[in-house]
Asker: 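My structure is below; once you've seen it, I'll send some questions.
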Protein chains: 2
Amino acid sequence: MKISELAKHAQVKVDTIRYYEKRQLLPTPKRTHSGYRIYANSDLKRLLFIVQAKGLGFTLEEIRQLLCLQSGKTDCVQVRNIAKRKSAEIALRIERLSQIKYILDALADQCEQQEDDECPILKSLENSNE
Amino acid sequence: MKISELAKHAQVKVDTIRYYEKRQLLPTPKRTHSGYRIYANSDLKRLLFIVQAKGLGFTLEEIRQLLCLQSGKTDCVQVRNIAKRKSAEIALRIERLSQIKYILDALADQCEQQEDDECPILKSLENSNE
DNA sequence: CTTGACCTGTGACCATACTCCATAGTTTAT
DNA sequence: ATAAACTATGGAGTATGGTCACAGGTCAAG
């Protein structure tokens, strides 16, 4: 697969792929004799993961770390620690998103009942900031 | 409350508060006769919400929209639609984060058992990209 | 009534994450 | 065999979200 094909499958620009390579999120790919980058299916999967994680608000650096956990490039104890820490971070994130979702749903409901005086958004946060 | 006090309570810089004001995330505050910004508790709550939402990966523009739902600045039908759309977006986000968390937990477990050949990160994404 | 901490606005600067451009070599379709 | 389409590199430019510096006004304490 050449770079433009990879780009199309992942819905990103060619430049973005080269940028991710420079930032070490994608491995340095094989090249044709003339220097064109050649990608495999595993590269597409990796790229799709990056795109998805980015959509979830992770920085490229965080994503790089997540992807690093894979390859035996880090020793077991470190992997376990990083994985556990990230997992806890994500759990907190999920909790907070659930809170906001709850508020939005309440807002939509309330709105359906034409009572538009009160703001549940700030209200429900009054007692909930860690 | 003066700006530096507000900044301290929310753990952000004074400049950031002025920036949020310019970006319309915070209302233009009252001023003392000499021009100093004066903030109330409600401003602190709003600011804390902004900080939290930012940590969850929302852009300032998205946060502005969320905060707009509050004030009767949008009509009921619009509020309901936006709230429902955002709620659905967040649900998807929660789902994906749960997926990544699951992978990380699996990775930590697996690591505990010293079997470090396989990468569950990419593996478990093989069949799950929307 | 001065000293020092705090406030003001404006504008320059920074990091992240792209995105585009110029120039040049490669491949492909006619 | 030649134009159109693709690829390469390097470097500049953009958008977002701040952050800092400067010059000057304000206020409370000694």
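Every value quoted in this text rests on a predicted model; they were computed, and no experiment measured them. Residue numbers start from 1 in every chain, and the chains themselves are labelled A, B, ... in the order their sequence lines are given, proteins ahead of strands.
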Asker: Identify whether the distance between the nearest side-chain nitrogen and carboxylate oxygen of B:Glu61 and B:Arg64 falls below 4.0 Å.
Answerer: yes
Asker: Does a side-chain N or O of A:Arg37 approach OP1 or OP2 of D:dT9 to a distance below 4.0 Å, or not?
Answerer: yes
Asker: Compare every heavy atom of B:Leu47 with every heavy atom of B:Val12, then report the nearest pair and how far apart it is.
Answerer: CG2-CD2, 4.2 Å
Asker: Can you tell me the distance, in whole Å, between the CD1 atom of A:Ile3 and the P atom of C:dT19?
Answerer: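 To the nearest whole Å, that distance equals 14 Å.
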Asker: In whole Å, what is the span from the CD atom of A:Glu21 to the C1' atom of D:dA8?
Answerer: 11 Å
Asker: Within the pair A:Lys2 and C:dT26, is there a side-chain N or O less than 4.0 Å away from OP1 or OP2?
Answerer: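 No.
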Asker: Figure out the CD/P separation between B:Glu5 and D:dC27, and round it to whole Å.
Answerer: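 Between P of D:dC27 and CD of B:Glu5: 16 Å.
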Asker: Does a side-chain N or O of B:His33 approach OP1 or OP2 of D:dG25 to a distance below 4.0 Å, or not?
Answerer: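 Indeed not, no polar side-chain atom of B:His33 lies that close.
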Asker: Between D:dT7, D:dG17, D:dT19, which nucleotide has the shortest distance from any of its atoms to the side chain of B:Thr16?
Answerer: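 Side chain of B:Thr16 sits closest to D:dT19.
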Asker: When you match B:Lys13 and A:Arg18 each to their closest nucleotide on DNA chain D, which lands nearer the 5' end?
Answerer: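 This one resolves to A:Arg18.
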Asker: What nucleotide among C:dG9, C:dC18, D:dG17 has an atom nearest to a side-chain atom of B:Arg23?
Answerer: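 The closest nucleotide is D:dG17.
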Asker: Any Lys/Arg nitrogen of A:Glu89 or A:Arg85 sitting under 4.0 Å from an Asp/Glu carboxylate oxygen of the other?
Answerer: yes
Asker: Any idea which heavy atoms bring A:Leu6 and A:Leu44 closest together, and the distance?
Answerer: CD1-CA, 3.7 Å
Asker: Do B:Asp43 and B:Arg46 sit within salt-bridge range, that is, some charged N less than 4.0 Å from a carboxylate O?
Answerer: no
Asker: Rounded to whole Å, how long is the line connecting atom CD1 of A:Ile38 with atom P of D:dC6?
Answerer: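 Rounded to the whole Å, the gap is 15 Å.
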Asker: May I ask you to evaluate whether A:Arg31 reaches the phosphate of D:dT9, defined as a side-chain N or O under 4.0 Å from OP1 or OP2?
Answerer: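 Answer yes for this pair, as a side-chain N or O of A:Arg31 is under 4.0 Å from OP1 or OP2.
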Asker: To the nearest 0.5 Å, tell me how far B:Thr16 OG1 sits from B:Leu25 CG.
Answerer: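 The OG1 atom of B:Thr16 sits 11.5 Å away from the CG atom of B:Leu25.
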Asker: Quickly work out the B:Leu25 CG to D:dG17 P distance and round it to whole Å.
Answerer: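 To the nearest whole Å, that distance equals 9 Å.
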Asker: Please tabulate, one pair per line, each protein N/O and nucleotide N/O from nucleotides 22-25 of chain C that are separated by under 3.5 Å, including the distance.
Answerer:
from, atom 1, to, atom 2, distance (Å)
C:dG25, N2, A:Tyr36, OH, 2.6

